[in-house]
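A quick write-up on the structure given underneath.
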Amino acid sequence: MFKLSVPQPNMLDRNHLDYILAAMKRPETSRVEMRKISELVRTRMNPHPAGQKEENVPQLDGKPVSGLQHKYRETVLFFPSEGQYCHAYCTYCFRWAQFTSVGSEQVFKSSNRDVLLRYVQQHPMVSDVLVTGGDPMVMPASTLRHYLEPLFGPGSPPHLDTIRIGTKSLAWWPYRFVHDPDAADILRLFSEITASGKHLTIQAHFSHPREVEHPVTQEAIRLIRMTGAQIRSQAPLIKHVNDQPKTWASMWKLQSRLGVIPYYMFVERDTGARDFFSVPLTRALDIFSSAYSQLPGTARTVRGPSMSASPGKVCVLGETTINDRRYFVLKFLQSRNPEWSQKVFLAEFDPNASWFDDLKPAFGAKEFFFNEQYQQQKLNVDGGSSGQLCDVDWLAGKGVTSDSGQVDLSM
Ligand code: SF4
């Protein structure tokens with residue numbers, strides 16, 4: 001828990017650390033200069049991984065919509081301006097740029113609920129809106145209501161089924177739902193959403209069983225479930241924090257007992273202090289498989305280890321050996337083109353690979369099966385013809401044409 005919340009010197013690579021320390025030691029370094037130096041180092045740490053800025057920002061009326069991301073056909077992400085802060089500032093946060101460059105062009109945020117509503121109305125394939133940040137639960141109940149009411153109140157888009165709220169509040173400020181002055185207003189809002197016929201799911205960020213054990217957390221879970229909302233739990237696998245099977249098994253078991261649905265184990269993204277926190281994929285698979293095998297069927301709702309890479313969420317299903325050669329077995333859980341999710345594909349086994357970009361296609365193929373289509377879409381974006389690399393433009397039913405590195409094992 002200490003390393004989850006307190007930055008460690010070794011999170012910086014040696015050059016960056018020396019650069020920062022040297023600046024700190026110079027008596028003439030002003031706070032302004034120190035800030036500039038820190039910003040410079042931050043810009044070298046891949047602040048917006050997986051093409052978020054270039055590929056996920058959608059358009060409305062021919063213009064980019066700030067504060068929205070639309071990567072997968074069914075789901076739109078909304079970043080309310082007042083929610084771009086957090087109860088916990090996790091050291092491994094993949095959204096750290098939201099907090100470190102507030103006010104700069106790096107931040108995703110919007111206070112325009114009308115644009116969100118119009119965007120959803122104009123995209124009938126969108127069934128889910130994920131309100132995210134930061135942490136939307138830092139907002140007062142009245143602000144949260146302001147953003148959500150158009151999505152579930154009278155006149156709300158009939159094709160919108162689910163409102164998701166991503167939050168770490170259950171782990172770090174469960175009082176939000178129990179003792180805070182507007183706790184009852186929050187729960188009333190949740191009840192109204194579920195009574196409207198929409199599904200409300202709290203995407204709870206729990207990294208460690210310790211975060212689930214607190215009595216106030218358990219009371220908050222009980223109160224939220226009484227509103228008819230579901231709670232799903234997700235977290236990245238982080239070295240020094242939760243890289244043991246027993247940690248995940250005990251967390252998922254406890255969550256199941258409390259009625260929380262284990263949902264995702266993510267692989268640490270290629271951003272920030274990734275070298276300090278990342279776990280090789282083969283180890284991640286071992287941890288996931290070992291923890292999963294200890295669960296009863298009712299808790300085997302969890303998926304992973306999953307990489308939220310640029311083309312989509314790639315799950316490492318397992319390892320296999322063909323003609324004495326080892327391979328990773330992969331599958332998209334979500335992808336920019338929904339058709340990609342129908343395929344199982346292989347990558348060469350690499351004991352040191354810790355992210356999708358480290359992997360090579362199997363059998364000497366030059367590229368993965370989806371790459372040709374993906375690159376073509378990127379060209380369209382770069383050329384300004386689309387502005388968004390979301391699969392909403394792909395619904396005409398293009399087939400997956402390249403079969404390089406692809407093995408259809410399951411379909
Ligand atoms: S809870 Fe999520 S958004 Fe907030 S600091 Fe942690 S990882 Fe980042």
Side-chain angles (χ1 to χ4, degrees), residues 1-8 11 42 45-50 52-53 56 67-69 71 75 77-102 104 106-110 130-139 144 147 164-177 201-212 214 217 220-221 224 231-243 247-248 251 255 260 263-274 276-279 304-308 313 355:
M1 299 307 294
F2 180 74
K3 287 181 178 167
L4 185 155
S5 49
V6 179
Q8 309 293 309
M11 286 170 55
R42 286 173 183 145
M45 298 175 83
N46 193 18
H48 290 293
Q52 288 182 82
K53 282 182 79 78
N56 294 0
L68 253 64
Q69 289 190 23
K71 180 173 181 180
T75 307
L77 274 60
F78 178 61
F79 297 75
S81 298
E82 299 86 344
Q84 302 318 307
Y85 306 92
C86 227
H87 294 284
Y89 287 98
C90 308
T91 41
Y92 55 77
C93 176
F94 78 100
R95 290 260 168 77
W96 56 271
Q98 290 286 100
F99 313 125
T100 53
S101 306
V102 176
S104 84
Q106 289 203 315
V107 176
F108 288 101
K109 63 177 180 178
S110 170
L130 167 61
V131 186
T132 186
D135 191 330
M137 293 312 306
V138 300
M139 300 192 294
L144 192 58
Y147 285 116
R164 312 184 193 180
I165 300 174
T167 181
K168 200 159 176 66
S169 55
L170 274 170
W172 280 69
W173 193 250
Y175 310 96
R176 189 76 197 87
F177 308 95
T201 176
I202 306 303
Q203 308 291 108
H205 178 181
F206 283 115
S207 314
H208 195 279
R210 293 290 290 168
E211 295 176 320
V212 195
H214 198 283
T217 292
I221 289 170
I224 290 172
I231 305 169
R232 291 175 169 82
S233 93
Q234 55 189 36
L237 171 61
I238 303 292
K239 189 157 72 183
H240 314 294
V241 173
N242 58 13
D243 56 335
T247 305
W248 289 88
M251 182 168 74
Q255 288 171 344
V260 174
Y263 190 47
Y264 270 123
M265 173 200 272
F266 291 117
V267 175
E268 169 65 351
R269 287 199 188 190
D270 57 338
T271 180
R274 182 248 181 138
F276 184 75
F277 290 119
S278 69
V279 174
S306 171
M307 295 173 273
S308 293
K313 279 197 181 79
W355 188 247

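Index from 1, following the sequence. One-based numbering, in listed order, for ligands and for the atoms of each.
Heavy-atom neighbours of R232 CZ from other residues, nucleotides or ligands within 6.0 Å: above the threshold of 12.
Looking from atom 2 (Fe) of ligand 1 to the surrounding protein, the closest heavy atom is H205 ND1, 3.5 Å. Nearest protein heavy-atom contact of atom 6 (Fe) of ligand 1 is C90 SG, 2.3 Å.
Across all their heavy atoms, V212 and F206 have their closest contact at CG2-CD2, 3.7 Å. When all heavy atoms are compared, the tightest approach of K168 to Y92 is NZ-OH, 4.5 Å.
For a distance bound of 2.8 Å, the N, O or S atoms of H87 include none lying that close to atom 4 (Fe) of ligand 1. For C93, the nearest N, O or S atom to atom 8 (Fe) of ligand 1 falls under 2.8 Å.
Side-chain contact annotation: R95 with T132, donor-acceptor N/O pair under 3.5 Å present.
Counting the atoms of ligand 1 from 1 in the order shown, those under 4.0 Å from a heavy atom of A88 are 4 (Fe), 5 (S), 6 (Fe). Against a heavy-atom cut-off of under 4.0 Å, C86 is close to the following atoms of ligand 1: 1 (S), 3 (S), 4 (Fe), 5 (S). The distance from ligand 1 to the heavy atoms of K168 drops below 4.0 Å at these ligand atoms: 1 (S).
Using a 4.5 Å heavy-atom cutoff, the side chains of R269 and S308 are in contact.
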Practice item. Carefully, step by step, assess T271 and N46 under the rule side chain to side chain donor-acceptor pair (under 3.5 Å). Key: CA-CA 5 Å; T271 180; N46 193 18; 5.2 Å; no

